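Each remark here refers to the structure printed beneath this line.
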Amino acid sequence: MRFGGIVLALLVLVGCSSRPAAAPPASTTTTTTTTSTTPTAPNPDTIEPRIKAAQLTADMLRPLGYVPSSRGEEQEWYSIVSCPERLDTDGRQSATRTASHWLDQPARTSLMQYTTSYGKISAAAQTVQVARESLECGAFTSADVEYTSVGELDVPPLGADAQFAVCYHSARLVQCALLLSKADLLTVLTIFTPERSRAAHDLQAAGRAVLPLLG
């Protein structure tokens, strides 16, 4: 959104007469100061192309062993974190969102990237903070699989406005999610894998690759 300055023009009309003119009063000058403000909401016209540009590509994930899933890209709504399923800021998500799916079948590992925009820019970083509630989740069921929250995943700071990673364990799989926000955009990288060490490695590598795409 662009804000133009307001220019005030003051015109002083001086009348003439046959009598000697009185000395004009001392003029006063009004100065209007224009201050630039940071927009609180994104430009609706740029949301969709920016979300599309923020998705990881096959070239970026191939070195990690992933190929695109047959599901490809979806415009579905996904939970930001598996537990709790709903966050206080979810209602500020835009109508435009994209999820991309990737597979490493030999390693029984899958990766999903979910990217969305928030109608209020500050809500993206706020969502990362609110998502920390998942650390207190305990046991829960997701897609008919019972998971237990096992705490925060140690991922070094990658340069996002806000960042958070969490892991949940099931009997056979580890589900870990890395949340990264930049301005109004939030991207969530979620991995399902038998090994927690791979989750930490792949999420860090994918996070470094995706951050420049968030703008």
Side-chain angles (χ1 to χ4, degrees), residues 48-83 96-117 124-125 127-128 131-132 134-135 137 142-145 147-215:
E48 183 172 357
R50 288 170 56 236
I51 287 178
K52 292 283 188 181
Q55 295 303 106
L56 291 165
T57 66
D59 289 342
M60 293 176 179
L61 290 178
R62 189 176 296 112
L64 297 176
Y66 295 97
V67 296
S69 163
S70 59
R71 296 173 65 177
E73 288 189 355
E74 296 178 324
Q75 301 298 316
E76 301 292 332
W77 186 92
Y78 282 88
S79 298
I80 299 301
V81 285
S82 293
C83 181
T96 303
R97 54 185 68 90
T98 296
S100 303
H101 301 268
W102 309 84
L103 289 175
D104 179 356
Q105 288 185 324
R108 295 185 296 127
T109 296
S110 62
L111 180 71
M112 183 183 79
Q113 180 189 2
Y114 176 63
T115 306
T116 186
S117 170
T127 298
V128 178
R132 291 180 181 274
S134 60
L135 294 174
C137 202
S142 175
D144 298 325
V145 178
Y147 289 92
T148 301
S149 176
V150 294
E152 190 166 354
L153 180 67
D154 185 19
V155 177
L158 302 177
D161 291 345
Q163 171 183 324
F164 171 65
V166 64
C167 283
Y168 320 102
H169 285 188
S170 72
R172 294 184 298 173
L173 288 175
V174 178
Q175 177 191 163
C176 297
L178 171 63
L179 286 66
L180 301 167
S181 75
K182 273 284 189 178
D184 61 304
L185 293 184
L186 174 77
T187 199
V188 183
L189 301 167
T190 304
I191 187 172
F192 296 84
T193 182
E195 300 179 6
R196 183 182 171 105
S197 59
R198 174 162 187 182
H201 174 271
D202 286 8
L203 288 181
Q204 179 177 338
R208 289 192 187 281
V210 79
L211 264 176
L213 307 180
L214 296 176

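The analysis underlying the following values was restricted to heavy atoms, covering all of them including side chains, and did not include hydrogens, waters or symmetry mates. Note that the structure is a prediction, hence the values are computed from the model and not measured.
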Using a 3.5 Å distance criterion without hydrogens, assess whether the side chain of [X] forms a donor-acceptor pair with backbone atoms of [Y].
{"X": "S149", "Y": "S134", "value": "yes"}
{"X": "T109", "Y": "A107", "value": "yes"}
{"X": "Q204", "Y": "L158", "value": "no"}

Worksheet entry | R196 and L153: CA distance, side-chain angles, deciding distance, side chain to side chain contact (heavy atoms under 4.5 Å, CB included) verdict | CA-CA 9 Å; R196 183 182 171 105; L153 180 67; 3.9 Å; yes
Worksheet entry | Residue pairs passing the ring-ring contact (aromatic ring centres under 6.0 Å, His included) test where at least one lies in residues 151-189, sequence neighbours excluded |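 Passing the test, one end in residues 151-189: F140-Y168.
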Looking at every non-hydrogen atom in both residues, tell me the closest pair between [X] and [Y] and how far apart they are.
{"X": "A99", "Y": "Y78", "answer": "CB-CE1, 3.6 Å"}
{"X": "P106", "Y": "D104", "answer": "CD-OD1, 3.2 Å"}
{"X": "A165", "Y": "V155", "answer": "CB-CG2, 4.0 Å"}
{"X": "E76", "Y": "Y114", "answer": "O-CE1, 3.5 Å"}

With a 4.5 Å heavy-atom cut-off, do [X] and [Y] have their side chains touching?
{"X": "P68", "Y": "W102", "value": "yes"}
{"X": "L173", "Y": "P194", "value": "yes"}
{"X": "D202", "Y": "L111", "value": "no"}

Just how far is it from atom [atom1] of [X] to atom [atom2] of [Y], taken to the nearest 0.5 Å?
{"X": "L103", "Y": "L61", "atom1": "CG", "atom2": "CG", "value": "11.5 Å"}
{"X": "H101", "Y": "T190", "atom1": "NE2", "atom2": "OG1", "value": "10.0 Å"}
{"X": "L213", "Y": "I51", "atom1": "CG", "atom2": "CD1", "value": "13.0 Å"}
{"X": "C167", "Y": "D154", "atom1": "SG", "atom2": "CG", "value": "10.5 Å"}

Practice prompt. Determine whether the side chains of Q55 and T98 contain a donor N or O and an acceptor N or O closer than 3.5 Å.
Written response: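 Their side chains do not contain a donor-acceptor pair, so the 3.5 Å distance test is not met.
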Indicate every side-chain donor-acceptor pair of residues 175-187 with a distance under 3.5 Å to a residue at least two apart or in another chain.
unit_1 : atom_1 : unit_2 : atom_2 : d
Q175   : OE1    : S82    : OG     : 2.4
S181   : OG     : A162   : N      : 3.3
K182   : NZ     : G159   : O      : 3.3
D184   : OD1    : R50    : NH1    : 3.4
D184   : OD1    : R50    : NH2    : 2.6
D184   : OD2    : R50    : NH1    : 3.3
D184   : OD2    : S117   : OG     : 2.6
T187   : OG1    : Q113   : NE2    : 3.0
T187   : OG1    : T115   : OG1    : 2.9

Worksheet entry | Heavy-atom neighbours of E152 CD exceed 12 at 6.0 Å |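 Atom CD in E152 is crowded, with more than 12 foreign heavy atoms closer than 6.0 Å.
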Worksheet item: What pairs with R208 under salt bridge (charged side-chain N to carboxylate O under 4.0 Å, His left out), at least two apart in sequence or on another chain?
Response: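 In terms of salt bridge (charged side-chain N to carboxylate O under 4.0 Å, His left out), with neighbours along the sequence ignored, R208 is linked to no residue.
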